[in-house]
Each structure stands twice: as C-alpha cells, then as structure tokens.
Amino acid sequence: MRQPMEGPIVLARRLRKVYHGADEVEALRGIDLLVERGEMIAIVGTSGSGKTTLLNCLSGLDVFDGGQVVIDGQDLSKMSDRARTAYRSRHMGFVFQAFNLLPVLSAAENVEIPLLLQGAGTRDSRRRALEMLDTLGLAHRANHRPDQLSGGEQQRVAVARALIHKPAVVWADEPTGNLDSEVTNVIVELLARMNQTGQTIVLVTHNPQVAERAARTVRMRDGRIEAPEPERVQGVAL
Ligand code: ADP
Ligand code: MG
C-alpha cells in the first residue's frame with residue numbers, strides 16, 4: 001500500500017489557507033513543517049493562531065489555498081477529493097477534544113470502524129478492536145456506549161480507534177482539553193507509549209504538561225510557525 005519508507009512522513013511548504021466569511025481570515029500564512037517518521041511533536045500557540053486549521057489541512061480534512069503538503073511521499077494537493085478522503089480513512093488516525101465517538105455504537109464498534117472502512121472482515125475487525133481495548137485497559141468496557149463511559153474512558157476509546165489501523169500519522173487536536181489533570185496524564189502516557197512503538201503523532205495542545213512529553217515542540221503565531229522550522233524545511237528536496 002503506502003510505501004515510500006524514506007524521507008519525512010509530513011512535509012508542508014508555504015502552506016496557505018484563507019477563510020472567506022464575512023471577513024477574510026488568513027489562517028495559515030506560509031507554513032513550513034517537517035515531521036520525521038516516528039516523531040511525536042507538539043504544536044503549541046495561542047488560541048486563534050491557526051493550530052486546528054493547520055492540522056485539518058495537513059491531514060486532508062480541509063482543503064488549502066496554496067503551498068504543498070506531502071504525506072508519506074503523497075502530494076495531497078494532487079489528489080481528488082475522493083482520493084484524499086480514501087487516503088485519510090486508510091492512513092490517518094484522529095483524536096479530537098470532544099472525543100467524537102458515535103453515540104449509538106459500543107466502544108468495540110467505534111474502535112473497529114477504521115478497519116471496516118479498510119475492508120477488513122467483521123470477525124477479524126472485532127477481534128482486533130477487543131485486543132486494542134484490552135491493551136488500553138478497557139476490555140471491561142467493550143460493550144458500553146459512549147454515554148455509559150467517563151470522559152477519560154471515552155477518550156481512551158477514541159485513542160484506540162485512532163491507532164487500530166496503524167495509520168501513517170495520528171493527529172490529535174487538544175486531546176486532553178476536556179479532561180482533568182489525572183486523566184490527562186493517562187491519555188498522554190498512552191500516546192507516548194504508542195510513539196515508543198514507532199507511531200508518528202502530531203499533537204496540538206495548550207497544556208505545557210502535555211507538550212513536554214513530545215520530543216519536539218513547534219510554536220504557531222498568527223498563522224506562521226516560528227524559527228527554526230522554516231529553515232529545516234527549505235533544505236529538503238521533494
Ligand atoms: P486555533 O486552533 O489555534 O485556536 P484556528 O485554526 O481554529 O486556531 O483558527 C485560526 C483563525 O481562523 C482564527 O482567526 C479563527 O477565527 C479563524 N477560523 C477558523 N475556522 C474558521 C472558519 N470555519 N471560518 C472562518 N474563520 C475561521
Ligand atoms: Mg483549535
């Protein structure tokens with residue numbers, strides 16, 4: 001499937017995004033970012049600096065207006081909408097602040113969705129979902145619906161869902177924003193443990209305690225990423 005196994009896993013160059021609402025907002029003003037395979041990086045910056053927009057554009061959730069995003073050797077700007085959607089569901093995992101689990105499905109059913117979307121068989125998908133829940137200490141919650149779980153448990157289920165199909169990148173946008181500090185630690189340790197097994201993770205956070213667990217932090221300000229990131233990116237051949 002995806003197989004250039006060399007070069008950065010994420011490369012963004014001069015990425016631009018403008019929102020055309022009542023007022024025009026230049027949310028991304030020429031972003032350069034390089035993420036190595038297996039890295040866990042934290043993107044920090046004040047509210048409104050463009051972190052969510054950046055994650056959405058890098059991960060193919062949203063389209064952008066200029067520049068280039070290359071994920072694992074694939075140029076997102078050269079893909080059709082349909083190809084980008086398919087690529088995203090196969091090769092990316094997402095964790096959001098609001099958990100975003102499907103309310104009518106059990107924990108196990110939520111976790112197996114990415115596998116089913118990849119075309120895996122139902123029995124195999126269920127087995128792998130239960131294994132993943134077990135790894136995250138949630139075997140006893142497999143048949144619970146989200147409203148029968150605590151916030152921390154819901155987010156662990158969301159992390160399980162993000163990881164189950166071994167995505168190229170897990171994108172996490174303020175994943176601990178709705179959690180108290182004890183549960184925040186559980187989630188961050190979980191992400192760090194998955195990173196130690198080679199999972200690439202790009203994390204947006206306000207929380208210094210969370211950012212500190214990442215190997216590297218980049219700071220956004222007003223739609224730009226601060227030095228030295230742009231200098232690193234300029235040197236990479238595409
Ligand atoms: P952050 O995640 O760092 O708080 P965002 O990426 O959400 O920042 O927002 C960056 C800028 O873009 C802000 O000025 C915000 O108001 C604006 N923005 C975000 N989403 C939209 C949208 N859908 N339409 C118009 N403006 C938006
Ligand atoms: Mg945000």
Side-chain angles (χ1 to χ4, degrees), residues 10-35 39-71 76-77 81 84-85 88 92-101 151-152 154-156 158-159 161-162 167 169-181 183-185 187-188 190-192 195 200-230 232-233:
V10 178
L11 184 68
R13 207 173 249 173
R14 293 188 273 279
L15 179 60
R16 291 182 50 255
K17 169 77 179 175
V18 182
Y19 289 111
H20 301 278
D23 294 311
E24 209 162 81
V25 179
E26 268 191 85
L28 304 179
R29 302 170 182 244
I31 294 279
D32 295 308
L33 180 69
L34 188 159
V35 182
E39 242 192 328
M40 175 164 168
I41 82 157
I43 300 172
V44 300
T46 53
S47 179
S49 58
K51 304 181 298 299
T52 293
T53 304
L54 176 60
L55 231 57
N56 291 348
C57 289
L58 293 176
S59 63
L61 280 174
D62 204 353
V63 293
F64 45 91
D65 298 290
Q68 203 173 17
V69 176
V70 180
I71 306 282
L76 288 190
S77 48
D81 280 358
R84 209 177 51 247
T85 301
R88 195 173 65 228
M92 294 185 177
F94 293 90
V95 185
F96 301 97
Q97 177 169 356
F99 317 143
N100 294 24
L101 300 173
Q154 288 185 60
Q155 197 61 313
R156 277 191 285 162
V159 169
R161 181 187 55 187
V169 184
V170 168
W171 309 94
D173 192 353
E174 311 265 13
T176 62
N178 285 337
L179 303 173
D180 65 34
S181 65
V183 182
T184 289
N185 267 334
I187 296 296
V188 175
L190 209 56
L191 292 173
N195 174 246
T200 306
I201 298 173
V202 179
L203 172 78
V204 161
T205 185
H206 269 111
N207 185 338
Q209 168 200 351
V210 173
E212 171 170 290
R213 292 296 277 125
R216 196 159 72 81
T217 298
V218 298
R219 180 169 298 276
M220 279 195 81
R221 186 193 299 262
D222 198 17
R224 294 195 174 84
I225 285 183
E226 295 184 340
E229 194 65 12
R232 294 177 70 226
V233 171

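What you see is a predicted model, and the numbers here were worked out from it, not measured in a lab. Computation of the quantities below employed the complete heavy-atom set of this structure, encompassing side-chain atoms and omitting hydrogens, waters and symmetry-equivalent molecules. Numbering of ligands and ligand atoms starts at 1, following listing order. In what follows, residues are counted from 1 in the order of the sequence shown.
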Just need the protein heavy atom nearest to [atom], so name the residue and atom and give the distance.
atom: atom 3 (O) of ligand 1; value: Lys51 NZ, 2.7 Å
atom: atom 15 (C) of ligand 1; value: Val25 CG1, 4.8 Å
atom: atom 9 (O) of ligand 1; value: Thr53 OG1, 3.9 Å
atom: atom 8 (O) of ligand 1; value: Gly50 N, 3.2 Å
atom: atom 27 (C) of ligand 1; value: Tyr19 CD1, 3.2 Å

When rounded to the nearest 0.5 angstrom, what distance separates [atom1] in [X] from [atom2] in [Y]?
X: Ile43; Y: Leu33; atom1: CD1; atom2: CG; result: 5.5 Å
X: Arg16; Y: Gln68; atom1: CZ; atom2: CD; result: 14.5 Å
X: Lys17; Y: Leu54; atom1: NZ; atom2: CG; result: 12.0 Å
X: Arg213; Y: Ile187; atom1: CZ; atom2: CD1; result: 13.5 Å
X: Leu28; Y: Ser49; atom1: CG; atom2: OG; result: 10.0 Å

### Message
I'd like to check atom 1 (P) of ligand 1 in this structure: does the protein have a heavy atom lying under 4.0 Å from it?
### Response
yes
### Message
Is atom 19 (C) of ligand 1 touching the protein, meaning some protein heavy atom lies under 4.0 Å away?
### Response
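Yes.
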### Message
Whether Arg224 and Glu26 form a salt bridge (side-chain N of Lys/Arg under 4.0 Å from carboxylate O of Asp/Glu) is what I want to check.
### Response
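No, no charged N to carboxylate O under 4.0 Å.
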### Query
Are the charged groups of Asp222 and Arg29 less than 4.0 angstrom apart, N to O?
yes
### Query
With a cut-off of 6.0 Å (strictly less than), are more than 12 heavy atoms of other residues, nucleotides or ligands near CZ of Arg221?
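Incorrect, the count does not exceed 12.
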### Task
Could you tell me whether ligand 1 has any atom less than 4.0 Å away from a heavy atom of Gly48?
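The answer is yes: ligand 1 sits under 4.0 Å from a heavy atom of Gly48.
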### ligand 1 atoms in contact with Thr46 (distance to a heavy atom under 4.0 Å)
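Result: 3 (O).
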### Query
Can you list the atoms of ligand 1 that are under 4.0 Å from a heavy atom of Ser47?
4 (O)
### Message
Under 3.5 Å, is there a donor on one side chain and an acceptor on the other for Glu39 and Asn195?
### Response
no
### Message
Please report whether ligand 1 has a polar contact with Ala27, defined as an N or O pair separated by less than 3.5 Å (distance criterion only).
### Response
no
### Query
Does ligand 1 have a heavy atom under 4.0 Å from the side chain of Thr52, from its backbone, from both, or from neither?
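Answer for Thr52: both.
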### Query
Does any N, O or S atom of Thr52, backbone or side chain, fall under 2.8 Å from the Mg ion (ligand 2)?
yes
